[in-house]
Amino acid sequence: MSEEPDSNVEEIARKLFSGPVSFLKSAPALKFLPDATAPEVAFAGRSNVGKSSLLNKLANRTGLARTSNTPGRTQELNFFEVGDPLRFRLVDMPGYGFAKAPKDVVRKWRFLINDYLRGRAVLKRTLVLVDSRHGIKDVDREVMKMLDEAAVSYQLVLTKADKVKATELEEVTRRTAEEARRHVAAYPEIIATSSETGFGMDRLREEVVRAALA
Ligand code: GTP
Ligand code: MG
């Protein structure tokens, strides 16, 4: 961050995320996006990977973003504001790769996600969430390729780390990092998290603040 020395990032992240975080609006289509007046960090990933849960945990607020056992819960781009005065926004997105949703819905979400990710000038980083139990899937690779081609920087974040053994988490982190290195727009560093236990959350808060306020 330009105005703040690196050693302060941890402190700034802690303060920002324990301060005001509020829902701004839902955008079902691009024309409903809020004015691009603040930096944004977006949460992408397959349906049910834990995007909304991670956003809630990051902000220490249960129920800020709606979560569900059933894939397909988040159906629009949901914008949340961090800081008062506003410092940056978090964007919770619909999941991709949800096979059971009607085809026209899947298409609509795909266009919405892709158009937003490719065209948003204030988007500083996209977090691409990957389930620790499954690792990167082909549908993730398609999104990663799209982001590489559009030169949108992204970071892979492993979710649900509480669901795997420590050795498995190590192995999936290693494999994921190896694959990230082959993608031009991907950060080489992988962050493993659990919205259940809070594992990895301080590190993720720091990364988000670093990306948003760079
Ligand atoms: P869509 O909006 O449908 O794309 O899903 P999403 O990616 O937002 O997932 P959501 O946060 O709604 O979580 C899906 C399910 O996974 C819920 O039942 C959550 O409780 C569960 N879940 C999310 N994160 C974790 C985690 O870190 N650990 C465990 N054990 N369960 C989790
Ligand atoms: Mg969701």
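Counting starts at 1 for both ligands and their atoms, following the listed order. Residue numbers count from 1 along this sequence. Scope of the values below: all heavy atoms of this structure, side chains included, with no hydrogens, waters or symmetry mates. Remember, it's a predicted structure, so these values are computed and weren't measured experimentally.
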I need the OG1(Thr74)-the Mg ion (ligand 2)-OG(Ser52) angle, rounded to 10 degrees.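 Roughly 90°, rounded to 10°.
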With a 4.5 Å cut-off on side-chain heavy atoms, are Met201 and Glu206 touching?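 No, too far: nothing below the 4.5 Å cut-off.
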So do the side chains of Phe79 and Leu90 get within less than 4.5 Å of each other, counting heavy atoms only?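 A side-chain contact under 4.5 Å is absent here.
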Test your reading of the structure: does [X] have an N or O sitting under 3.5 Å from an N or O of ligand 1?
X     : answer
Met93 : no
Gly50 : yes
Thr67 : no
Val49 : yes

Taking Arg133's backbone N and O only, do any of them form a donor-acceptor pair with Glu168's side chain (distance below 3.5 Å, no angle check)?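 Not a single qualifying donor-acceptor pair exists.
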Hey, is [X] touching ligand 1 through its side chain, its backbone, both or neither, going by heavy atoms under 4.0 Å?
X      : value
Ser53  : both
Ser195 : both
Asp162 : side chain

Looking at Tyr187, does the NZ or CZ of Arg125 lie under 6.0 angstrom from its six-membered ring centre and within 45 degrees of the ring axis?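 Output yes; distance and angle both within limits.
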Ligand 1 contact by Thr159, heavy-atom criterion under 4.0 angstrom: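 Not so, Thr159 does not reach ligand 1.
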